[in-house]
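Along the sequence shown, the residues carry numbers beginning at 1.
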Amino acid sequence: VQLQASGGGLVQAGGFLRLSCAASGRSMISFGMGWFRQAPGKEREFVAAISWSGGRTNYSDSVKGRFTISRDNAKNTVYLQMNSLKPVGTAVYYCAASRSDTAQTMGVMTRDGMNYWGKGTEVTVSS
């Protein structure tokens with residue numbers, strides 16, 4: 001499956017962005033989907049995840065309450081609504097897909113457990 005993230009850009013602190021990740025080549029319904037981010041000079045970190053049905057979601061503590069992950073399986077697309085953005089959120093955001101049972105059913109996933117990665121979209125939050 002190929003993943004293409006979009007929607008990044010430059011936004012002021014306190015602002016919002018909505019990222020999209022379109023899957024092609026295969027239906028993403030058999031995957032748990034996640035968003036990760038990598039800031040300059042840092043390791044890629046988990047942001048949010050969603051089970052195949054959308055019924056289970058998980059978030060990192062740093063974004064909980066501000067970000068919302070969702071998916072539309074009919075459109076083969078997963079979204080990340082990011083509100084109240086902070087300068088520390090400046091990073092390249094990647095979407096990824098996992099075939100693991102825990103990812104599919106519970107939306108639980110780790111960076112090393114992902115099977116497919118998109119190329120990323122850059123988000124810059126100015127202070």
What is the minimum heavy-atom distance between [X] and [Y], and which atoms define it?
| X | Y | answer |
| --- | --- | --- |
| Met106 | Arg56 | O-CB, 3.5 Å |
| Ile69 | Gly34 | CD1-CA, 4.5 Å |
| Gly120 | Val92 | CA-CG1, 3.9 Å |
| Ala13 | Pro87 | CB-CD, 4.0 Å |

Q. If Ile, Leu, Val, Met, Phe, Trp and Tyr residues are connected whenever their side-chain heavy atoms lie under 4.5 Å apart, and connections chain through other members, are Trp52 and Tyr59 in the same group?
A. no
Q. Taking a hydrophobic cluster as the set of Ile, Leu, Val, Met, Phe, Trp and Tyr residues connected by side-chain heavy atoms closer than 4.5 Å, whether directly or through intermediates, do Trp117 and Val123 fall within one such cluster?
A. no
Q.
Test: salt bridge (charged side-chain N to carboxylate O under 4.0 Å, His left out). Region: residues 67-85. Which pairs qualify, not counting sequence neighbours?
A. none
Q. What pairs of residues pass the salt bridge (charged side-chain N to carboxylate O under 4.0 Å, His left out) test when at least one of them lies in residues 94-117, not counting sequence neighbours?
A. Glu43-Arg111
Q) Under 6.0 Å from the CD atom of Glu45, do we count more than 12 heavy atoms belonging to anything else shown? A) yes
Q.
Met114 vs Ser98, test: side chain to side chain contact (heavy atoms under 4.5 Å, CB included). Steps then yes/no.
A. CA-CA 5 Å; Met114 309 309 289; Ser98 173; 3.7 Å; yes
Q: Using the test side-chain hydrogen bond (donor to acceptor under 3.5 Å, both in side chains), find all partners of Tyr94 that sit at least two apart in sequence or belong to another chain.
A: none
Q. With sequence neighbours excluded, what pairs up with Lys64 under the side-chain hydrogen bond (donor to acceptor under 3.5 Å, both in side chains) test?
A. Asp61
Flag the pair [X] / [Y] as yes when at least one side-chain heavy-atom distance between them is below 4.5 Å, and no otherwise.
| X | Y | answer |
| --- | --- | --- |
| Ser51 | Thr105 | no |
| Val47 | Met82 | no |
| Leu3 | Met33 | yes |

Q. Do any N or O atoms from the side chain of Asn73 and from the backbone of Ser53 form a donor-acceptor pair under 3.5 angstrom?
A. no
Q: Determine which pairs satisfy disulfide (SG to SG under 2.5 Å) with at least one residue from residues 24-67, sequence neighbours left out, and list them in order.
A: none
With sequence neighbours excluded, what pairs up with [X] under the side chain to side chain contact (heavy atoms under 4.5 Å, CB included) test?
| X | value |
| --- | --- |
| Lys119 | none |
| Ala5 | Trp35, Cys95, Thr121 |
| Thr102 | Ser100, Val108 |

Side chains of residues 14-32: which donor-acceptor pairs under 3.5 Å do they make with residues two or more places apart or in other chains?
residue : atom : partner : partner atom : Å
Ser27   : OG   : Ile29   : N            : 3.2

Q: Output every pair passing side-chain hydrogen bond (donor to acceptor under 3.5 Å, both in side chains) with a member in residues 80-93, not counting sequence neighbours, ordered by first then second residue.
A: Arg37-Tyr93, Gln81-Asn83
Q.
According to ring pair (Phe, Tyr, Trp, His ring centres under 6.0 Å), who are the partners of Phe46, at least two apart in sequence or on a separate chain?
A. Phe36
Q.
Holding to ring pair (Phe, Tyr, Trp, His ring centres under 6.0 Å), I want the full list of residues that pass it with Phe67, two or more places apart in sequence or in another chain.
A. none
